[in-house]
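Everything numeric here is computed off the predicted structure, so don't read it as measured data. Below, chains carry the letters A, B, ... as their sequence lines are ordered, and counting in each starts from 1.
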Number of protein chains: 2
Amino acid sequence: MAMSSTNFKHDLFTQFARVGKALGNGNRLELMEFLAQGERSVEELSKVAGLTVANTSQHLQQLRLTGLVTSRKEGLKVYYNLSGNDVITLLDALRQVAERHLSDVERLVNTYLTVKDSLEPIPRVELLARVRNGLVTVLDVRPPEEYAAGHVPGAINIPLQELEQRLGELGEEQEIVAYCRGPHCVLAFDAVARLREKGLRARRLEDGYPEWKTAGLPVEGKPTGS
Amino acid sequence: MAMSSTNFKHDLFTQFARVGKALGNGNRLELMEFLAQGERSVEELSKVAGLTVANTSQHLQQLRLTGLVTSRKEGLKVYYNLSGNDVITLLDALRQVAERHLSDVERLVNTYLTVKDSLEPIPRVELLARVRNGLVTVLDVRPPEEYAAGHVPGAINIPLQELEQRLGELGEEQEIVAYCRGPHCVLAFDAVARLREKGLRARRLEDGYPEWKTAGLPVEGKPTGS
DNA sequence: ATTGTATTCAAGTGATTAGTTGATTAATAG
DNA sequence: CTATTAATCAACTAATCACTTGAATACAAT
């Protein structure tokens with residue numbers, strides 16, 4: 001009794017570490033990354049992550065106990081959601097550190113994607129210039145409703161599930177730039193990977209549609225004020 | 001062979017999780033928090049964290065493997081350092097999420113510190129006003145060199161190690177506001193805890209000296225341009 | 001009530017992790 | 001060369017974690 005300051009500090013770090021631990025599993029990160037797109041049920045989550053429902057539920061509860069996600073019951077289903085923007089910030093920071101400092105990440109990207117910087121996102125301004133010159137095919141992988149509400153000019157809308165069937169709609173030669181809701185949207189990431197598998201040249205747009213719009217760049221779809 | 005996109009995603013998340021795992025231990029977090037103040041040797045680190053040297057070394061190597069810290073050998077000693085500002089950003093995000101979402105953290109703070117908001121940092125502007133009115137004693141817990149280079153006007157410089165001996169220099173009645181290098185500096189945090197133990201009223205300055213200075217508030221010490 | 005569906009709980013297994021201890025490797029000084 | 005110091009390595013134990021399996025809730029429809 002006199003080291004209570006040390007104890008306090010220790011306990012506090014232990015609490016912080018609980019959050020860290022929650023981030024220490026790839027499946028949980030994938031679940032959260034998916035939740036960053038919006039509310040999902042346990043079943044949906046288990047499917048995209050390729051886990052059993054029970055396992056998914058356990059991961060989600062772990063996340064809930066550390067305050068990273070919240071849940072809401074509606075009828076039979078339980079819907080989970082990220083518990084705030086600070087969680088997205090945290091995931092972003094984690095991703096950034098990993099990409100910058102883990103050489104394995106770089107190696108992975110290089111191994112799986114033939115062209116070295118194919119995963120490097122294309123900046124908004126650059127895309128705009130190329131769109132104007134007709135140099136790229138812009139691919140919007142969001143659900144049709146969102147596409148209808150507004151999209152990058154000239155973008156083709158193909159939800160991820162339909163991508164494989166509708167490959168024909170994309171030019172074989174031109175570079176494709178995929179985007180969805182934001183930098184955390186796995187859809188665009190996934191789309192790029194699949195397109196590359198088919199031998200097409202594809203990259204992601206840096207960020208997503210919301211950022212494009214708030215940056216004041218032109219949009220098509222329902223008029224929104226400009 | 002056809003699900004390589006899934007494999008890729010999985011592997012990538014596994015890599016991200018490595019960074020998360022590194023954050024999943026209180027001792028490692030404490031080590032990094034300490035490193036946020038600057039370069040330290042293994043021995044120093046083991047002391048402040050209260051770990052054996054071997055154990056500290058193992059933790060540090062784990063952090064190095066995930067790219068969170070770097071090391072540099074000079075003579076007999078090995079000095080560790082955070083590997084970039086993005087790591088500080090990450091730690092910040094982690095702390096924020098934990099403080100906001102983990103009710104245990106709040107409870108901890110309430111339990112250990114008698115006055116509920118004693119750990120709540122005092123904003124810069126508020127401090128400035130109180131300093132002018134002579135209502136607070138400002139305590140600078142940084143090393144003397146840094147104090148000499150510039151400090152909050154009227155601040156007393158007592159490095160943490162000397163705090164217990166030099167308690168007399170601080171008024172018994174007045175509230176004390178401690179600060180050091182930045183929001184991550186454990187020194188101020190620690191100083192507040194120790195002072196409270198002695199029955200003094202103490203709080204931390206929001207952020208630290210660099211922020212104070214860049215906010216354009218007055219400083220004492222070597223003239224820096226204003 | 002009975003059936004079906006979505007989720008959670010409980011128990012168990014193999015793998016990973018944190019920490020200890022004692023030996024080992026480097027750099028420096030006498 | 002020998003001794004000393006700082007750090008790392010290697011081997012081990014207890015604790016924790018990820019995942020599986022099968023049972024148990026909770027809600028909705030019939």
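If you measure from atom CG of B:L63 to atom P of D:dA7, you get 16 Å, rounded to the nearest angstrom. Here the P atom of nucleotide C:dT17 and the CZ atom of B:R18 are 11 Å apart, to the nearest Å. The distance from atom CG of B:L60 to atom C1' of C:dA18 is 14 Å, rounded to the nearest whole Å. When rounded to the nearest whole Å, the span between NE2 of B:H10 and P of D:dA18 equals 13 Å. For B:K73 and D:dA7, the NZ to P distance is 9 Å, given to the nearest whole Å. Taking atom CD on A:Q62 and atom C1' on C:dT8, their separation rounds to 14 Å, with Å as the unit. In this structure, A:L23 atom CG and D:dA18 atom P are separated by 12 Å, rounded to whole Å. We find that CG of A:N25 is positioned 17 Å from P of C:dA15, with the value rounded to whole Å.
Remark: side-chain polar atoms of B:Q61 are paired, donor with acceptor, to backbone N or O of B:S57 under 3.5 angstrom.
At the heavy-atom level, B:E74 lies nowhere under 4.0 Å from the strands shown.
Legend: residues meeting salt bridge (charged side-chain N to carboxylate O under 4.0 Å, His left out) with B:E39, ordered by chain and number and at least two apart, are B:R72. Take A:K198 and apply the salt bridge (charged side-chain N to carboxylate O under 4.0 Å, His left out) test, not counting sequence neighbours, and it matches A:E164. The side-chain hydrogen bond (donor to acceptor under 3.5 Å, both in side chains) search around B:N25 returns none, not counting sequence neighbours. Considering only residues two or more places apart in sequence or on other chains, A:R124 meets the salt bridge (charged side-chain N to carboxylate O under 4.0 Å, His left out) condition with A:D207. Here B:E169 pairs with B:R166 under the salt bridge (charged side-chain N to carboxylate O under 4.0 Å, His left out) rule; sequence neighbours left out. The side-chain hydrogen bond (donor to acceptor under 3.5 Å, both in side chains) search around A:K73 returns none, not counting sequence neighbours. Considering only residues two or more places apart in sequence or on other chains, A:S83 meets the side-chain hydrogen bond (donor to acceptor under 3.5 Å, both in side chains) condition with none of them.
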Result block: side-chain N/O donor-acceptor pairs under 3.5 angstrom for residues 63-70 of chain A, not counting sequence neighbours:
residue: A:R64; atom: NH1; partner: A:S71; partner atom: OG; Å: 3.2
residue: A:T66; atom: OG1; partner: A:Q62; partner atom: O; Å: 3.3
residue: A:T66; atom: OG1; partner: A:L63; partner atom: O; Å: 3.0

Can you give me every donor-acceptor pair (side chain of residues 46-53 of chain A, partner residue at least two apart or in another chain, under 3.5 Å) with its distance?
residue: A:S46; atom: OG; partner: A:E43; partner atom: O; Å: 2.8
residue: A:T52; atom: OG1; partner: A:N55; partner atom: N; Å: 3.1

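Taking a 4.0 Å limit (strictly below) on heavy-atom distances, residues 75-83 of chain B reaches DNA chain C at B:G75, B:L76. Against DNA chain D, the stretch residues 40-51 of chain A makes no heavy-atom approach under 4.0 Å.
Using a 30° and 60° split on the angle between ring planes, A:F16 and A:F13 fall in the perpendicular class, above 60°.
At D:dC17, none of the side-chain N or O atoms of A:H59 fall inside 4.0 Å of OP1 or OP2 (strictly under the cut-off).
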Detail all sub-3.5 Å separations between protein N/O atoms and N/O atoms belonging to nucleotides 9-13 of chain D.
residue: D:dC9; atom: OP2; partner: B:Q61; partner atom: OE1; Å: 2.2
residue: D:dA10; atom: N6; partner: B:Q58; partner atom: NE2; Å: 3.2

